[in-house]
Amino acid sequence: MARNITPRKENYSQWYLDVIKAAGLADYAPVRGCMVIRPTGYAIWENVQAKFDAAFKKTGHVNAYFPLLIPDSFLRKEAEHVEGFAPECAMVTHAGGEELEEPFAVRPTSETVIGYMYSKWVQSWRDLPVLINQWCNVMRWEKRPRLFLRTSEFLWQEGHTAHETEQEAREETLRMLEVYRSIIESELAVPVIAGEKTAGERFPGAVDTYTCEAMMSDARALQAGTSHFLGQNFAHAFEIQYQDRNGELQYCWTTSWGVSTRLIGALIMTHSDDDGLIIPPRIAPVKAVILPISKSESVAENDILPKAKELSAKLDDELGGMYSQVDTDFHMRPGDRFFTHLQKGVPLRLELGEKDIASGTVRLVRRDTGEKLDVQADAVIPAVKNILADIQANMFARAKAFRDSNMHDAKSYDELKAIIAESGGFVRAYFGGTPEDEVRIREETGATPRCVLPGGDKGKCIITGNDNARLTIFAKAY
RNA sequence: CGGGGCGUAGCGCAGUCUGGCUUAGCGCGCAUGGUUCGGGUCCAUGAGGUCGGAGGUUCGAAUCCUCUCGCCCCGACCA
C-alpha cells in the first residue's frame, strides 16, 4: 500500500492531489491558481492532443493561431458573452511603460477575435464553411483553483466554424460532440454521456450548448468537453456576413467547441486507485516498463540489462506506436522500483529476473488489476499487445459499470433531494424549469442539471409539473 | 468581499500561552556506507534553517507589542 497517498475514502480531494504529486504530473507555480505541467503530465497531454488533432483533421478542420490579447471592446460586443466572462478576465492595462488607451483581456476564449477575423475573411457563400481550430492557452481567473480541473491558466483546443446555413452549423456542433464522445471513451477510457446543457448552464453567447459529462470515482460529475451552436449571435456582433447564391447579404451561423487539460483531471479521477495513477494504454506515454532484476547489481546490469534492452527494442519495433522503457535503477530494491511505476500509472510491468531467464519466461504485471502472468519469452510480444488491449477495455468497462451503478431515477423533486443527499451520483429526472429553478435546485440540493439526455424521452417536470419536460441528469459537479 | 486558520529544513510538524534550560528540535525525504532484495528492509553517519518581512520592548525574542506581506479552509462566485 502506498504510504505517500491519502486513501481515497479518507479524503478524496487530498487523494487526488497526492496522486498527481506521486506521479509527478504537475506542481504549483509561484502565481496562485497556476500550475506547472511536468514532463510526465505533459506527455499525457501530448498524446491526448494527438488523438483529437488527428480527428479534427479527418473532419476537415485546419489549425491556426489567434492572438493572446483581446481588446476589451471586443468582449463587450456580445452582451451575454461579456456578462459571463468579465468577472474572470485578467486585463492588461499597461505596456511599454505606459497605460494603454484600451485595456486588453488575456483571452478567456477566442470567439470575439476569431469572429472579427472571420468578418474580414468571409465575403461569399463560396468562402464557407470556415473550419478552424487552435491549440492554445487561456486564462480565467479562478478563486478556487484545483490542479487540472480548474486553474487560472490552462491549455485547450478551441474549434471555431462559420457556416452558410443553420442546419449545417447545427450538424457541425453535433459532429464535434460525437468526435469528443468517441475519443474520450475509446482513448481515455472515460465513459461519458453526451447531451445538451440546460439554459442555466449554457455557454455565454450560445444558443445551444452540448456537453460530454463524465462521472468521477466519487460519483460527482465532470464536464469533459463542450460544443456550442452559437446561432447568429457572434455573426451579428462581428458582422460576419456573406453574399448568398442569390446575391443577398446574409449572416453566418457559427459554432465553437473545446476540450482542455481538464481531461487529465478526468483521467485521474476516473481510473486511479489508492496506489496512484492508472493510465489507459492508448494514451500512456510509457505503455510497458521492463525491469531487469537481480540481487546482484552487476548481474542485473551486465547479464540482464542487454536482454531487457533487446526486448524493449523488439516491442517498439514490432508493435508500432508502442513505447516501452527499461528501468535501470539497479541501486533500488525491486519493491521501490515497482512502486515508482505503479504510482506513475504505467499500464504494464515486465519483470526480467534471474528466475525468469532460467525458466525462459517473462513476468507481466497489470497495473489495472495487479494480476501477474508468466509468459514464454518468445510469446511476449503478442501477449503484451493483447494484454494492453485488454487493460484498455477493462478500464472502460470498469468505469462504465461504476457510473451505471451510481445512476438513479427520481420521480419527484423530494426523491431527487433524497438521492443527492444520501447516495449522490447521477439522478435522472424530467425537468423543464427555468434558470431560476436551476438556481433553486442548486441552493437546496447542491446538485445542478448536468445534461439533457438525447432522444425524445419526455415526461412530467419534477419542479413545474408541466408535461413535455425532458429527461435530465442532475449531479453534484466539479 | 465576509468568517476562521496558518507562515519554523525540500515536505509535514513540535516549540510560542509561561522570553533564557535549544548550539532551534522531530518524522519523512535527501547524501554516504553497510545490510536487505520478485509489492515501499533495517542500521549507522551526514548535509540542509536570515523561525514570512519590517520596526519596537528587553541584558536577552521563534516566543511579547505594532505594522505589513503571503497562503490555506468555509461561505459567496464560477461553462
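Just so we're on the same page: letters track the sequence lines, and every chain starts at 1. What you see is a predicted model, and the numbers here were worked out from it, not measured in a lab.
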field: Complement of B:rC6, any strand, by Watson-Crick or G-U distances under 3.5 angstrom
entry: B:rG70

statement: Rounded to whole Å, the CG-P distance (A:L17 to B:rC73) equals 9 Å

field: Short side-chain donor-acceptor distance under 3.5 Å, A:S312 and A:S324
entry: yes

- line: Quick note, A:E351 side chain, CB onward, closest among B:rC11, B:rG38, B:rC37 is B:rG38

message: Salt bridge or not between A:K307 and A:E310? Use side-chain N to carboxylate O under 4.0 Å.
response: no

- prompt: Given the C1' atoms of B:rC74 and B:rU36, what is the spacing between them in whole Å?
  reply: 48 Å

- prompt: Now, which nucleotide makes the Watson-Crick or G-U wobble pair with B:rC26, with each of the two distances under 3.5 Å?
  reply: B:rG12

- request: May I ask you to say what A:K197 touches in the nucleic acid, namely base, sugar-phosphate or nothing, with a heavy-atom cut-off under 4.0 Å?
  value: nothing

statement: Of A:R450 and A:E297, the one whose closest nucleotide on RNA chain B sits nearer the 5' end is A:E297

- line: Under a 3.5 Å limit on both distances, the Watson-Crick or wobble mate of B:rG38 is none

query: When you measure from the side chain of A:N4, which nucleotide among B:rG40, B:rC11, B:rG38 comes out closest?
result: B:rG40

- prompt: Counting any heavy atom closer than 4.0 Å, what does A:E354 reach on the DNA or RNA strands: base, sugar-phosphate only, or nothing?
  reply: base

task: Check whether NZ of the Lys or CZ of the Arg A:R403 lies under 6.0 Å from the centre of the six-membered ring of A:F426 and within 45 degrees of that ring's axis.
output: no

task: Tell me which nucleotide among B:rG39, B:rC11, B:rG40 gets nearest to the side chain of A:R349.
output: B:rG39

query: Just checking, any donor-acceptor pair under 3.5 angstrom between side chains of A:Q343 and A:N4?
result: yes

- request: Give the rounded distance in Å between these two atoms: CZ of A:R146 and P of B:rC77.
  value: 19 Å

- request: Report the base-pairing partner of B:rA31 (Watson-Crick or G-U wobble, both distances below 3.5 angstrom), or none.
  value: B:rU45

- prompt: What is the distance from CH2 of A:W141 to C1' of B:rC1, rounded to the nearest Å?
  reply: 17 Å

task: Using the P atom as the reference point in each nucleotide, state the distance between B:rU63 and B:rG20 in Å, no decimals.
output: 11 Å

Presence of donor-acceptor pair under 3.5 Å, side chain of A:D336 and base of B:rG39: no

task: Just call it for A:W156: base, sugar-phosphate, or nothing, with non-hydrogen atoms closer than 4.0 Å on any strand.
output: base

message: Under 3.5 Å, is there any donor-acceptor pair linking the side chain of A:Q343 to the base of B:rG40?
response: yes

message: What's the closest nucleotide to the side chain of A:L342 if the choices are B:rC78, B:rG38, B:rG39?
response: B:rG39

task: Fit a plane to each ring of A:F56 and A:Y180, take the angle between them on a 0 to 90° scale, and name the class: parallel (under 30°), tilted (30 to 60°) or perpendicular (over 60°).
output: perpendicular

message: Taking B:rG29 as the reference, what is the distance to B:rC67 when you measure between their P atoms (whole Å, please)?
response: 43 Å

- prompt: What is the pairing partner of B:rA76, taking Watson-Crick or G-U wobble pairs with both distances under 3.5 Å in any strand?
  reply: none

field: Whole-Å C1' distance, B:rG19 and B:rG56
entry: 15 Å

- request: Would you please determine if the base of B:rG40 is stacked by A:F339, with stacking meaning a centroid separation under 5.5 angstrom and planes under 30 degrees?
  value: yes

- request: Could you state the atom-to-atom distance from CG of A:D329 to P of B:rG40 in whole Å?
  value: 17 Å

- request: Using the C1' atom as the reference point in each nucleotide, state the distance between B:rG52 and B:rG60 in Å, no decimals.
  value: 23 Å

task: Using a heavy-atom cut-off of under 4.0 Å over every strand shown, decide if A:R150 touches base, sugar-phosphate, or nothing.
output: base

Gap in Å between the two P atoms, one belonging to B:rG15 and one to B:rG7, rounded: 10 Å

- request: For A:P87, report the nucleic acid contact type (base, sugar-phosphate, nothing); a contact means any heavy atom under 4.0 Å.
  value: nothing

task: Using atom CE of A:M332 as one end and atom P of B:rC30 as the other, report the distance to the nearest whole Å.
output: 8 Å

message: At 4.0 Å (heavy atoms only), tell me whether A:E88 reaches a base, stays on the sugar-phosphate, or touches nothing.
response: sugar-phosphate

Separation of atom CD in A:E83 from atom C1' in B:rC77, rounded to whole Å: 14 Å

- prompt: B:rU16 and B:rC21: how far apart are their P atoms, nearest whole angstrom?
  reply: 13 Å

message: I want to confirm an ordering. Mapping A:D374 and A:E443 to their closest nucleotides on RNA chain B, which one lands closer to the 5' end?
response: A:D374

field: Pairs touching residues 206-225 of chain A that satisfy ring-ring contact (aromatic ring centres under 6.0 Å, His included), sequence neighbours left out
entry: none

message: Check this for me: does the side-chain of A:D356 come within 3.5 Å of the base of B:rG38 through a donor and an acceptor?
response: yes

query: Which whole-number value in Å describes the distance from A:I278 CD1 to B:rG39 P?
result: 18 Å

- request: Take atom CZ of A:R366 and atom P of B:rG39, then tell me their distance rounded to the nearest Å.
  value: 19 Å

Distance-only polar pair, side chains of A:Q14 and A:D18, donor-acceptor under 3.5 Å: yes

field: B:rC73 to B:rA31 separation - P atoms, rounded to the nearest Å
entry: 31 Å

- prompt: Mind checking who B:rU63 pairs with, Watson-Crick or G-U wobble, both distances under 3.5 Å?
  reply: none

message: Just by distance, no angles: are the side chains of A:S217 and A:Y12 close enough, under 3.5 Å, to form a donor-acceptor pair?
response: yes

